[in-house]
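Quick notes on the structure that follows.
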Amino acid sequence: MTTWKMKIVCAVVAFAPVAQADDPAAKSGAVYLAPKDMKWGEAPPVLPKGAKLTVLHGDPMKAGSFTIRLKASGGYKIPPHFHTQDEQLTVISGTLVLRMGETMTDAHKLGAGAYHFLPGKMNHAAEFKGETIVQIHGEGPFDIQYLNPADSPTPKAARK
């Protein structure tokens, strides 16, 4: 892994803190969260500014399962990219438009309740229509590789 990719991966460690209830069940690995208990924070710098994120389960930067939610207002876009690992996504509220493939012309509009599975290394881009919350889960470590390095919101110095 190149140094800039490692720095981006490290930057994602800044995900909002895990919002797990402080009870004996959590020690067993069980997680129970009411929406009021989810701790939202700024999304890490590897994502465009304007999104909030909460970690529901696991550590997205380590091997193993994780679940996160990403929230943003209408017009929020994530430029063409891919993830090394498979991605599973459920739209909790709002509408997400996914553009797929090399040309990003194959668009899929997903409303609340919709699900999508994407194999690792498949190119895609995302756009939020109205305030939208998506839940992403998979196997870590989570990463995002922009097809055009200039699209990366991470400062250029951190990518070297």
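From a predicted model like this one, the values you see are computed outputs, not experimental measurements. Atoms considered below: every heavy atom in the structure, side chains included; atoms not considered: hydrogens, waters and symmetry mates.
Side-chain heavy atoms closer than 4.5 Å link hydrophobic residues (I, L, V, M, F, W, Y) into clusters, and following such links, possibly through other members, connects Val31 to Met38. Cluster membership check: Leu147 does not share its hydrophobic cluster with Met100, using side-chain heavy-atom separations under 4.5 Å among Ile, Leu, Val, Met, Phe, Trp and Tyr. Both Leu98 and Ile136 belong to a single network of hydrophobic side chains, linked directly or stepwise wherever heavy atoms of I, L, V, M, F, W or Y lie under 4.5 Å apart. Both Met122 and Val134 belong to a single network of hydrophobic side chains, linked directly or stepwise wherever heavy atoms of I, L, V, M, F, W or Y lie under 4.5 Å apart. The hydrophobic cluster containing Phe82 does not contain Ile144, counting ILVMFWY residues as joined when their side-chain heavy atoms lie under 4.5 angstrom apart, directly or transitively.
In this structure, the side chains of Leu118 and Leu89 stay at 4.5 Å or more apart for every pair of heavy atoms. At least one side-chain heavy atom of Leu47 sits less than 4.5 Å from a side-chain heavy atom of Ile78. For the pair Ile133 and Ser93, the minimum side-chain heavy-atom distance is below 4.5 Å. Side chains of Arg69 and Trp40 form a contact here, defined as non-hydrogen atoms less than 4.5 Å apart. Between His116 and His108, the closest side-chain pair of non-hydrogen atoms is not below 4.5 Å. Two residues are said to be in side-chain contact when any heavy atoms from C-beta on lie closer than 4.5 Å; Thr84 and Lys121 meet this criterion. In this structure, the side chains of Pro141 and Phe66 stay at 4.5 Å or more apart for every pair of heavy atoms.
Residues Pro60 and Ile68 share a closest heavy-atom pair of CG-CG2, 3.9 Å. Ser65 and His57 get closest at one heavy-atom pair: OG-CE1, 3.0 Å. Smallest separation of non-hydrogen atoms from Asp86 and Pro119: OD1-CA, 3.4 Å. In terms of heavy-atom proximity, Ser73 sits nearest to Phe128 at O-CB, 3.7 Å. Listed here is the closest heavy atom pair of Ala43 and Leu70: CB-CD1, 4.2 Å. The minimum heavy-atom distance between Met104 and Ala125, with the atom names listed, is SD-N, 3.8 Å.
A donor-acceptor pair under 3.5 Å is absent between the side-chain atoms of Tyr76 and the main chain of Lys129, judged by distance alone. Within the 3.5 Å criterion, the main-chain N or O of Lys39 finds a donor-acceptor partner in the side chain of Thr54. Judged by distance alone, with hydrogens and angles left aside, the side-chain atoms of Ser152 form no donor-acceptor pair with the main-chain N or O of Ala150 at under 3.5 Å.
Between the side chains of His81 and His124, a donor-acceptor pair is found at a separation under 3.5 Å. A side-chain donor from one of Gln88 and Tyr115 sits under 3.5 Å from a side-chain acceptor of the other.
Going from atom CG of Asn123 over to atom CD of Gln145 covers 11.0 Å, rounded to the nearest 0.5 Å.
A salt bridge is absent between Glu131 and Lys71: the closest approach of a Lys/Arg side-chain nitrogen to an acidic carboxylate oxygen does not fall below 4.0 angstrom.
Between His83 and Phe142, the ring-plane angle classifies as tilted under the 30° and 60° cut-offs.
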Checklist entry - Would Leu110 and Val97 count as a side chain to side chain contact (heavy atoms under 4.5 Å, CB included) if you check the C-alpha gap in whole Å, the side-chain angles of each, and the deciding distance to 0.1 Å? => result CA-CA 6 Å; Leu110 304 171; Val97 177; over 6 Å; no
